[in-house]
Enquirer: 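Okay, here's the structure, questions in a sec.
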2 protein chains.
Amino acid sequence: MAHYTDPAGVNDATLHYLDVIYRLTQQGEMANTTDIAEKLGVTPSGASVMLKRLAERKLIQLVPYKGATLTPQGRRLALRTIRRHRLVELFLHRVMGFAWHEVDDHAHALETALTDALEDRMDEMLGHPTRCPHGHLIPRKDGSLPEANDVPLLSLPIGSAGVIRCVDTDNSDWLKYLGEQGLYPGVSIVLKDIAPYDGPVTIQTPEGLVAIGQNLAKLIYVEVS
Amino acid sequence: MAHYTDPAGVNDATLHYLDVIYRLTQQGEMANTTDIAEKLGVTPSGASVMLKRLAERKLIQLVPYKGATLTPQGRRLALRTIRRHRLVELFLHRVMGFAWHEVDDHAHALETALTDALEDRMDEMLGHPTRCPHGHLIPRKDGSLPEANDVPLLSLPIGSAGVIRCVDTDNSDWLKYLGEQGLYPGVSIVLKDIAPYDGPVTIQTPEGLVAIGQNLAKLIYVEVS
DNA sequence: ATCTTGATTTAAGCGCGCTCAAATTGTATG
DNA sequence: CATACAATTTGAGCGCGCTTAAATCAAGAT
Ligand SMILES: [Mn+2]
Ligand SMILES: [Mn+2]
Ligand SMILES: [Mn+2]
Ligand SMILES: [Mn+2]
């Protein structure tokens, strides 16, 4: 093991796999090899071999030809990485003045390099925050998640009022655009209209009416007020 | 090449080798294999193989059985790493409130993970600083070094007055101790006495007289006033 | 000039994470 | 039920950075 690798053998590649598997197992059941490979920019055969190694290390539970889920130990590491990613994002935004559409890339570069003390210090400086700049929940140190009442904007009846809580994408261009339209966490809105046949979604913001496509609108989660 | 490796193939290991070679070639001539290996915590045989690869990549000039020096390209990368290390140290100290004896480890973890934008933003936030918390010079983006008139404290005649500019060590314990004695960059001092036979060095600080061993005193560099 | 000794390089091999190509498996379909 | 097809795994191999053991080299002492 190289000296710059974590003593426990938990290196960057491992953490990225666990991170991806965590996200893929959030909604559905198991994470399948092809999806994991695709998210990591790797061939399915490469991912398959790596998954077997992760299973040997008891970080995932692997059912051949079926898919993978995280073990408690794997989940712990995944949540730690996600916590760090989101803390760094918020730090970059609040302390260092980066725009919300810029932080994901830099945070990705830093998330696996953070030391415990650095993580804790950022957490303190930010006042033990619960969400990243995009509104994703920041897991606590113990792996638990803060409470949230986020519902998809598009699931609400026309006329509903609420506060944007999360914009669920890492796409820099979309974030930049939505930010320019005044659509970001903390903003109070009213859902004015959803045009049929995948038509525009009209939203009342403090700055006026904006209309966006449904592909963007479905990224928005709100807390109903 | 893994996706988390720099496109140019400039990964952590490479940067650490270049960093070490830069420091070893500062004073003397060439950096020899054994010294490089020792600084990196690696066997000489391992270092030997790696050095050959670095030479193939034109990052060092290697004279077999003699030693290595950096090529202009290698020096550029080494200086970039050193710049980032020292900027991060200062950032951790000034912005994040870490003590000067704590920053080296964290900076080492972060230095190779920094993106260009992050480096630039830190530089801005810190007001384009020229020295790390220990007083080492921060190379500029173009690879040039700020001017400095640092002389070893122990090279001065008794009675000399000056300002501490650099404390040349990364040893956390020593730094903590010297900091507690009021000996750190920016402090005005007078050299009161150097006892013979490796005896104590007595220094007048704004807070009073302190006596330290010559092993510690020789780490201190001052600008004579 | 030869010998000795320490520094250095070479050789062989390992673990990691990746590739491509081939074999295998599970499943959907006729 | 048999077959076709897509997903997955296996096999062979590569580059990297490391190890230990063996060979080689440089240089000073005799
Ligand atoms: Mn992100
Ligand atoms: Mn985020
Ligand atoms: Mn340092
Ligand atoms: Mn320093």
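Here is how names work: the chains are called A, B, and so on, in the same order as the sequence lines, proteins then strands, and each is numbered from 1.
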Enquirer: Under 4.0 Å between a side-chain N or O of B/Asn11 and OP1 or OP2 of D/dG17?
Expert: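 Checking B/Asn11 against D/dG17: at least one side-chain N or O falls below 4.0 Å of OP1 or OP2.
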Enquirer: Under a plain distance cut-off of 3.5 Å, with no hydrogens placed, do A/His101 and A/Asp173 share a side-chain donor-acceptor pair?
Expert: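 No, no side-chain donor-acceptor pair sits under 3.5 Å.
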Enquirer: Nearest whole Å is fine: how far is C/dC16 P from A/Leu51 CG?
Expert: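 Computing the A/Leu51:CG to C/dC16:P distance gives 15 Å.
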Enquirer: For B/Leu62 and C/dT10, what is the distance between atoms CG and C1' respectively, to the nearest whole Å?
Expert: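 Taking atom C1' of C/dT10 as the reference, CG of B/Leu62 is at 14 Å.
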Enquirer: Please tell me which of the listed nucleotides, D/dC18, D/dG17, C/dC18, lies nearest to the side chain of A/Val42?
Expert: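 Minimum distance to the A/Val42 side chain belongs to C/dC18.
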Enquirer: Salt bridge between B/Arg121 and B/Glu124, side-chain N to carboxylate O under 4.0 Å?
Expert: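 Between B/Glu124 and B/Arg121 there is a salt bridge, with a charged N closer than 4.0 Å to a carboxylate O.
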Enquirer: Looking at B/Lys52 and B/Glu56, is any side-chain nitrogen of the basic one under 4.0 Å from a carboxylate oxygen of the acidic one?
Expert: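 The answer is no: the pair does not qualify as a salt bridge.
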Enquirer: By the 4.0 Å heavy-atom rule, please label A/Thr43 as base, sugar-phosphate, or nothing.
Expert: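 If one applies the 4.0 Å heavy-atom cut-off, A/Thr43 turns out to touch a base.
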Enquirer: Using atom OH of A/Tyr17 as one end and atom P of C/dC16 as the other, report the distance to the nearest whole Å.
Expert: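 Atom OH in A/Tyr17 sits about 13 Å away from atom P in C/dC16.
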Enquirer: Are OP1 or OP2 of C/dC18 and a side-chain N or O of A/Ser45 less than 4.0 angstrom apart?
Expert: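 The answer is no; no side-chain N or O of A/Ser45 sits under 4.0 Å from OP1 or OP2.
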Enquirer: To the nearest Å, give me how far apart NE2 (B/His16) and P (D/dC16) are.
Expert: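 Those two atoms, NE2 and P, are 18 Å apart.
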Enquirer: Does A/Met50 or A/Pro64 map to a spot on DNA chain C nearer the 5' end, using the closest nucleotide for each?
Expert: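 The residue mapped nearer the 5' terminus is A/Met50.
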Enquirer: Would you mind telling me which of C/dC16, C/dT9, D/dG17 lies closest to the side-chain atoms of B/Arg57?
Expert: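 Among the listed nucleotides, the one closest to the side chain of B/Arg57 is D/dG17.
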Enquirer: Indicate yes or no: does A/Arg80 engage A/Asp19 in a salt bridge with an N to O separation below 4.0 Å.
Expert: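 Salt bridge absent between A/Arg80 and A/Asp19.
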Enquirer: Could you tell me the separation between the OH atom of A/Tyr65 and the C1' atom of C/dT25, rounded to a whole number of Å?
Expert: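 That distance rounds to 5 Å.
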Enquirer: C/dC16 P sits how many Å from A/Glu56 CD, rounded?
Expert: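 Atom-to-atom, A/Glu56 to C/dC16, this comes out as 9 Å.
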Enquirer: Could you check how far NZ of A/Lys52 sits from C1' of D/dG11, rounded to whole Å?
Expert: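 Rounded to whole Å, this separation is 11 Å.
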Enquirer: When the distance from CD of B/Glu38 to C1' of C/dA7 is rounded to whole Å, what number comes out?
Expert: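 For the pair B/Glu38 CD and C/dA7 C1', the rounded distance is 14 Å.
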Enquirer: Should A/Arg84 and A/Asp123 count as an ion pair when the cut-off is N to O under 4.0 Å?
Expert: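 Here A/Arg84 does not pair with A/Asp123 in a salt bridge, since their nearest N and O are not under 4.0 Å apart.
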Enquirer: On the nucleotide D/dC25, are OP1 or OP2 found under 4.0 Å from the side-chain N or O atoms that B/Lys66 carries?
Expert: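 No, B/Lys66 has no side-chain N/O under 4.0 Å of OP1/OP2 on D/dC25.
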